[in-house]
Amino acid sequence: MAELKVDFCGVTLKNPVVAASGTFGFGKEFNEIFDIGVLGGVSTKGLTLEPRLGNPTPRIAEGRSVILNAVGLQNPGVDVFLEEDLGFLKSKKIAVIANVAGRTLDDYAGICARLDGKADLIELNISCPNVKCGGMAFGIRPESVKEVTKAAKSALKKTPLMVKLSPNVESIAVNALAAQEGGADALSLINTLTGMVIDIEKRRPLLANNTGGVSGAGIKPIAVRMVWEVCSAVDIPVMGMGGIVTAEDALEFIIAGAAAVQVGTANFTDTLAMPKIVAGMNEWLDAHGIADVNELRGTLRLNG
Amino acid sequence: MKELTVKILENAPLAAGVYRMRFALPEKAEGLACGKFVNISVGDGAHLLRRPIAICEYTEDTVTICYQIKGEGTRLMSAKKAGDLLSCALPLGNGFSLEGAERVALIGGGVGVFPMYSVLKEYEGKGKKFFSFIGFRNKGAVCLADGFASLSESAEIVTDDGSFGRKANAVEAFFAGAEKAAPERILACGPLPMLRALKTGLAERGMDVPCYVSLEERMGCGIGACLVCVCKKSGKEENVRVCKDGPVFEIGEVDF
Ligand SMILES: Cc1cc2nc3c(=O)[nH]c(=O)nc-3n(C[C@H](O)[C@H](O)[C@H](O)COP(=O)(O)OP(=O)(O)OC[C@H]3O[C@@H](n4cnc5c(N)ncnc54)[C@H](O)[C@@H]3O)c2cc1C
Ligand SMILES: Cc1cc2nc3c(=O)[nH]c(=O)nc-3n(C[C@H](O)[C@H](O)[C@H](O)COP(=O)(O)O)c2cc1C
Ligand code: FES
């Protein structure tokens, strides 16, 4: 049994495998299939101050080895989460990561204040490409990345802040540095890439929202490259994600420099994907005589 | 609900473009019931979303589904052979309830006929009277006709082009036969225009019979976690999940 425990900016993860925001709800449904206590943590569906209904349907489409979603931050609002869902996640003794979104700097500060000292970690979604007047605007330019990070950080006295970076930017490393300067304790990446699928019979986009966020196995090489770029640029820990399906996929991210990983779309293809990744990681480390997963972090050796 | 690797026992054409697949469960699955569904991995690494398919028949350790070849996923499913393994989650959704109803009208159109058949199989020999109104595109698509006939008090099969039975759709057939059937409950599944016609038809006739419809929506997780498959509650600023709160809803409960 290899050591899988990771210290992530002061938060203990019993293993580096965390459920990605928006694919796992607040954990209750997956817990009907397996004990989610075996995970390192859960990042919640994106929370906002007020309840939101999200986008019209269809909200999902498929491309080869990828999917596109445009759910649009449907959520019951942070207060309902605190009352009805946080307790359950806490009872599972896993790291509870509250993924949050807003339309204004005040929204971000406000929601962080509500969650401070209650969630184990805040994940700031500044990159959700789906909500027309929110998300995207903050995540694109480094100046606004820094600004929104600062606003969120100023509202947090106890809970550390992780900023989730968008890949739909000029330089993700520059934005990573901006978040670090703004006071982020950690970073997560990548959020979805913006894409479109067209129904050629109807000559209309398949998604009601026209465009959606691309995720799943096919985006992994892009995500690994971005995690490597960001890890090379910043000093704070990184949670890597994008297309992870197997333990070996997850280990690529760790070798690229990530301290932990998140798994999203793979949960749709196999509801047991994450426990299998945890078990597979342990097996791989044992088979390679590596006693502690932390030894593997950032061990990438570049060619030439 | 469970994540299972199931073994295909048979997978063969049932009608034009429609396949019937029976598979064995590695262990007993609790809660199998008519109206619920299975969410099946196509299993090729390119199609990451599972395909939701209604449970058509089941025993303690086998499930039968019938599916129409629509796109790449169902085409790949149709190429599977006996002995192949499939990974899937089941049983999902809420299913039909027939409590307190002795006379039941079943209205099925297109692939919506399969959930209706699941009701007949589940209640076979249990003394309820079923009146089935089943619509297909054309003669080539007609399937399970003998089953519908033998398990129902009366069954009318109609087609869009009149190549088998009357030229009508399932809802038109139902309204023509509703008086005679005098149902205490109506269950329906089919294309949205059909379900809408049912809703307006019931309202126009002032028919106050409890009516439940099974809805389709594109899905992500299939188990209620991702909020991909929603529809809006009627008269409320609130969404329900087709995969978890449905797929069966009281006809007035949701907008469609
Ligand atoms: C609860 C439920 C029960 C169903 N039961 C049956 C059944 O018993 N028999 C049957 O033939 N069909 C059934 N369907 C429809 C079936 O899921 C689709 O025909 C199938 O997913 C199409 O997959 P594809 O890869 O061939 O098509 P594609 O169009 O290539 O699929 C692309 C994506 O869209 C999704 N999709 C396409 N059409 C539908 C649809 N109508 N509903 C939901 N998702 C869709 C697919 O799952 C896939 O994720 C059911 C749908 C639902 C929601
Ligand atoms: C259906 C769906 C909903 C998502 N919702 C959110 C969200 O609310 N907030 C967020 O930060 N990311 C959201 N994401 C992005 C994922 O958390 C993740 O960053 C992305 O899917 C890449 O990982 P993957 O390839 O493992 O899925 C969502 C992804 C999917 C597929
Ligand atoms: S498909 Fe995920 S909630 Fe229904």
Side-chain angles (χ1 to χ4, degrees), chain A residues 19-34 36 42 44-46 51-76 199 206-208 212 215-218 243 245 264-273 275-276, chain B residues 1-5 29-31 38-52 70-74 76 86-93 192 215-233 236-245 254-256:
Chain A
S21 174
T23 63
F24 212 75
F26 302 129
K28 281 186 187 137
E29 295 81 12
F30 275 90
N31 194 65
E32 291 179 45
I33 292 183
F34 69 91
I36 66 168
V42 167
T44 66
K45 176 65 195 166
R52 285 205 200 162
L53 276 180
N55 289 329
T57 58
R59 291 179 169 185
I60 202 157
E62 213 179 33
R64 269 179 237 292
S65 300
V66 294
I67 67 166
L68 292 86
N69 90 84
V71 172
L73 293 184
Q74 179 182 333
N75 82 98
D199 179 333
L206 230 141
L207 293 170
S215 65
V245 179
T265 306
N267 297 311
F268 295 174
T269 319
D270 177 356
T271 59
L272 293 179
K276 286 178 186 168
Chain B
M1 70 198 184
K2 263 193 176 145
E3 174 76 34
L4 294 175
T5 301
E30 266 166 46
V38 299
N39 210 13
I40 300 179
S41 277
V42 177
D44 68 342
H47 298 84
L48 307 185
L49 295 176
R50 287 185 156 172
R51 271 51 183 171
K70 257 198 68 182
E72 288 184 22
T74 45
L76 286 162
L86 279 179
S87 90
C88 62
L90 89 186
L92 305 178
L192 281 183
L215 299 182
E216 287 184 4
E217 191 53 70
R218 284 175 186 249
M219 293 184 182
C221 66
I223 63 169
C226 72
L227 309 181
V228 157
C229 66
V230 299
C231 62
K232 204 180 131 307
K233 265 197 170 172
K236 292 212 175 119
E237 286 305 300
E238 201 180 316
N239 288 336
V240 288
R241 301 159 297 181
V242 170
C243 70
K244 184 80 173 173
D245 307 310
V254 290
D255 291 346
F256 58 81

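Side chains included, hydrogens not; waters and symmetry mates left out as well; all remaining heavy atoms used. Chain letters run A, B, ... following the sequence lines, proteins first and then strands; every chain starts at 1.
- Of the two parts of A:F30, the backbone and the side chain both hold a non-hydrogen atom closer than 4.5 Å to a non-hydrogen atom of chain B.
- Of the atoms belonging to A:T265, it is side-chain heavy atoms, and not backbone ones, that fall under 4.5 Å from chain B.
- The candidate with the highest count of non-hydrogen atom pairs below 4.5 Å against chain B, out of A:P56, A:G25, A:S65, is A:S65.
- Neither the backbone nor the side chain of A:A266 comes within contact range of chain B, judged by heavy atoms closer than 4.5 Å.
- Here the closest non-hydrogen pair linking A:F268 and B:C226 is CZ-CB, 3.6 Å.
- Atom OG1 in A:T57 sits 12.5 Å away from atom CG in B:L227 (nearest 0.5 Å).
- Shown here for A:A61 and B:L49, the closest heavy-atom pair between the two residues is O-CD1, 4.0 Å.
- Both the backbone and the side chain of B:E237 come within contact range of chain A, each with at least one heavy atom under 4.5 Å from a heavy atom of that chain.
- Looking at A:N267, there are no atoms closer than 4.5 Å to chain B (heavy atoms on both sides), in backbone or side chain.
- Between the CD1 atom of A:I33 and the CD1 atom of B:I223 there is a distance of 4.0 Å, given to the nearest 0.5 Å.
- The minimum heavy-atom distance between A:T23 and B:A225, with the atom names listed, is O-CB, 4.1 Å.
- The choice from B:S41, B:G224, B:C231, B:G220 that makes the most heavy-atom pairs within less than 4.5 Å of chain A is B:G220.
- Of the atoms belonging to A:V245, not a single heavy atom falls under 4.5 Å from chain B.
- The two atoms that bring A:T269 and B:S87 nearest to each other are O-OG, 4.4 Å, heavy atoms only.
- Using a 4.5 Å cut-off between heavy atoms, B:E72 contacts chain A through its side chain alone, with no backbone atom that close.
- For the pair A:V71 and B:V228, the tightest heavy-atom approach, listed with the atom from each and the gap, is CG2-CG2, 3.6 Å.
- Looking only at heavy-atom pairs under 4.5 Å with chain A, the residue among B:E238, B:K232, B:E3, B:H47 that has the most is B:E3.
- Using a cut-off of 4.0 Å between Lys/Arg side-chain N and Asp/Glu carboxylate O, B:R218 and A:E62 are scored as not salt-bridged.
- For chain B, the option among A:N75, A:L272, A:D270 with the highest count of heavy-atom pairs below 4.5 Å is A:D270.
- A salt bridge is defined here as a Lys NZ or Arg NE, NH1 or NH2 lying under 4.0 Å from an Asp or Glu carboxylate O, and A:E32 with B:K244 meets this definition.
- Heavy atoms closer than 4.5 Å to chain B are found in the side chain of A:L206, but not in its backbone.
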